[in-house]
2 protein chains.
Amino acid sequence: MTQQRSEETRNQIVSAAVDVFCRCGYDAASVAEICSLAGVSKGAFYHHFPSKKTLFLAIIQGWLREVDERLNALRDSDVPVSQALLQMTRAIETVFSDASGQLPMFLEFMVQASRDKTVWEATIAPYQAYQSRFAAMLEQGKTEGSIQETEDAQASAWVLIAFAVGVLLQGVVLPDTADWKTIAGRGMGMLVESMQRSKE
Amino acid sequence: MTQQRSEETRNQIVSAAVDVFCRCGYDAASVAEICSLAGVSKGAFYHHFPSKKTLFLAIIQGWLREVDERLNALRDSDVPVSQALLQMTRAIETVFSDASGQLPMFLEFMVQASRDKTVWEATIAPYQAYQSRFAAMLEQGKTEGSIQETEDAQASAWVLIAFAVGVLLQGVVLPDTADWKTIAGRGMGMLVESMQRSKE
DNA sequence: TAATAAAAACCGACCAGTCGGTCGGTATTT
DNA sequence: AAATACCGACCGACTGGTCGGTTTTTATTA
């Protein structure tokens, strides 16, 4: 129901914005530069987005939705939970590969979320959803027997997420210092291994 | 050999800057606001620091030096490595407690380091030193027998640091969502436990 | 110890430049 | 012709940093 040209410029604005946000961060990214990179005037920009923040939020939400879909796609198999977790690590490797140019925006998300209430609400809700999903997986693992742990799955789920977040951020800050894909796999392996045994 | 008043205003500028950097981030923190909060004029500011960035770097280096000293203080005991690692987790808890107000600056460090070469060099060198120290500890653990792992200690050291970083950042973004001290201890326990056993 | 000169610390009005955002108008679609 | 898409000069607010001048501290004399 909508104009082709309009949609095209909108996409150009978004992808230019991702680029500039990655390079400069939210505050230092100027609307003028985004427009220039997108080959579009300021008028067009503010025709599509009421403000810089709105654009940022739109990008966040698109990103989160995509991650959500990826996780969904990986979940429904019938392999044991312990194996599914390791498979998810391989999904992280994918993230490193084909979103590596956009990785710095993940950092920017967290930064803005920690300071701006609007961003926080948009970012955090799905974030907690991820944690809930992991916790549910762990519970399922308990009942199916591939995971034996006595303590609560909630905390363990946060441990997994904290590790994943840590690896991602290290990958942003020190991209060439270590092979982060390997380290992601190794750490996840250690955590899963620990969960497969009962705590004395 | 130096002026008392001068040192005092310098300290006031620094602590005001920490506050503002935490609240607003580096870019959005204005020199004027820092000055106002410190009860000091702009002239005084630029008398003590040649630029905003210099001040930021000074704060980073002070912070890193402090962390380094803490780690040093915890290392030299003669307990097994596996236990020493768990003790370090308790050091993280300390960080959460008494530096909790300044935690957001850790995020800011990483952000700026990922974008500004000067900041990167200042931040990253000591960072890698931490990793080296952990790796050395793990090697020592192998020879002393409290740790049995076949693969390289370098990667494992990065796993530990990635997890620690992840927990810290989660604590910044979601301070009230979970008990991060507990989660830090739990995750570290899992990782150490995994390293105490030989891989299949 | 008091006077004094030099140096260091500090003040705040000011500057050039950038920012996000506006708006009256033009081009393109429907 | 009406609506949507787009243009770009322009605006007020604010930025990091400067600079000529004042106050305070320190060092040096007498």
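Below, chain A is the first sequence line, B the second, and so on; all start at residue 1. In this text, all values refer to a predicted model and were calculated from it rather than measured experimentally.
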- Message: Taking salt bridge (Lys or Arg N to Asp or Glu O under 4.0 Å) as the definition, give me every residue that meets it alongside A:R5, ordered by chain and number, with sequence neighbours left out.
- Response: none
- Enumerate the residue pairs fulfilling side-chain hydrogen bond (donor to acceptor under 3.5 Å, both in side chains) with a member in residues 162-172 of chain B, sequence neighbours excluded, ordered by first and then second residue. A:Y127-B:Q170
- For B:T123, side-chain contact (heavy atoms from CB on, under 4.5 Å) partners two or more places apart: B:I60, B:A113, B:V119
- Task: Only counting residues at least two apart or in another chain, list the ones meeting salt bridge (Lys or Arg N to Asp or Glu O under 4.0 Å) with A:D27.
- Result: none
- What residues form a side chain to side chain donor-acceptor pair (under 3.5 Å) with B:Q131, not counting sequence neighbours? B:Q154
- Pull out every residue in residues 106-118 of chain B that has a heavy atom closer than 4.0 Å to any atom of DNA chain C, ordered by number, or say none. none
- Considering residues at least two apart in sequence or located in another chain, which fulfil the side-chain contact (heavy atoms from CB on, under 4.5 Å) criterion with B:S82? B:P80, B:S146, B:V192, B:Q196
Donor-acceptor contacts under 3.5 Å from residues 28-38 of chain A side chains, at least two apart:
{"unit_1": "A:S30", "atom_1": "OG", "unit_2": "A:E33", "atom_2": "N", "d": "3.0"}
{"unit_1": "A:E33", "atom_1": "OE2", "unit_2": "A:R23", "atom_2": "NH2", "d": "2.5"}

- Item | Any residue of residues 43-60 of chain A with a heavy atom less than 4.0 Å from an atom of DNA chain D | A:G43, A:A44, A:H47, A:H48
- the helix from C:dT1-D:dA30 to C:dT30-D:dA1: angle between terminal helix axes, five bp per end, to the nearest 10 degrees, reads 10°
- Item | Whether B:F109 and B:F106 hold their rings parallel, tilted or perpendicular, with breakpoints at 30° and 60° | perpendicular
- Please determine, for the side chain of B:K42, which listed nucleotide (D:dC7, C:dG12, D:dC6) has the closest atom? C:dG12
- Task: Check whether any side-chain N or O of B:T9 sits under 4.0 Å from OP1 or OP2 of C:dA9, and answer yes or no.
- Result: no
Let me check something: any side-chain donor-acceptor pairs from residues 172-180 of chain B under 3.5 Å, sequence neighbours excluded? List them with distances.
{"unit_1": "B:D179", "atom_1": "OD1", "unit_2": "B:K181", "atom_2": "N", "d": "3.4"}
{"unit_1": "B:D179", "atom_1": "OD2", "unit_2": "B:T182", "atom_2": "OG1", "d": "2.5"}
{"unit_1": "B:W180", "atom_1": "NE1", "unit_2": "B:L174", "atom_2": "O", "d": "2.9"}

- Query: Of the residues in residues 19-34 of chain A, which ones touch DNA chain D at a heavy-atom distance under 4.0 Å?
  - Reply: none
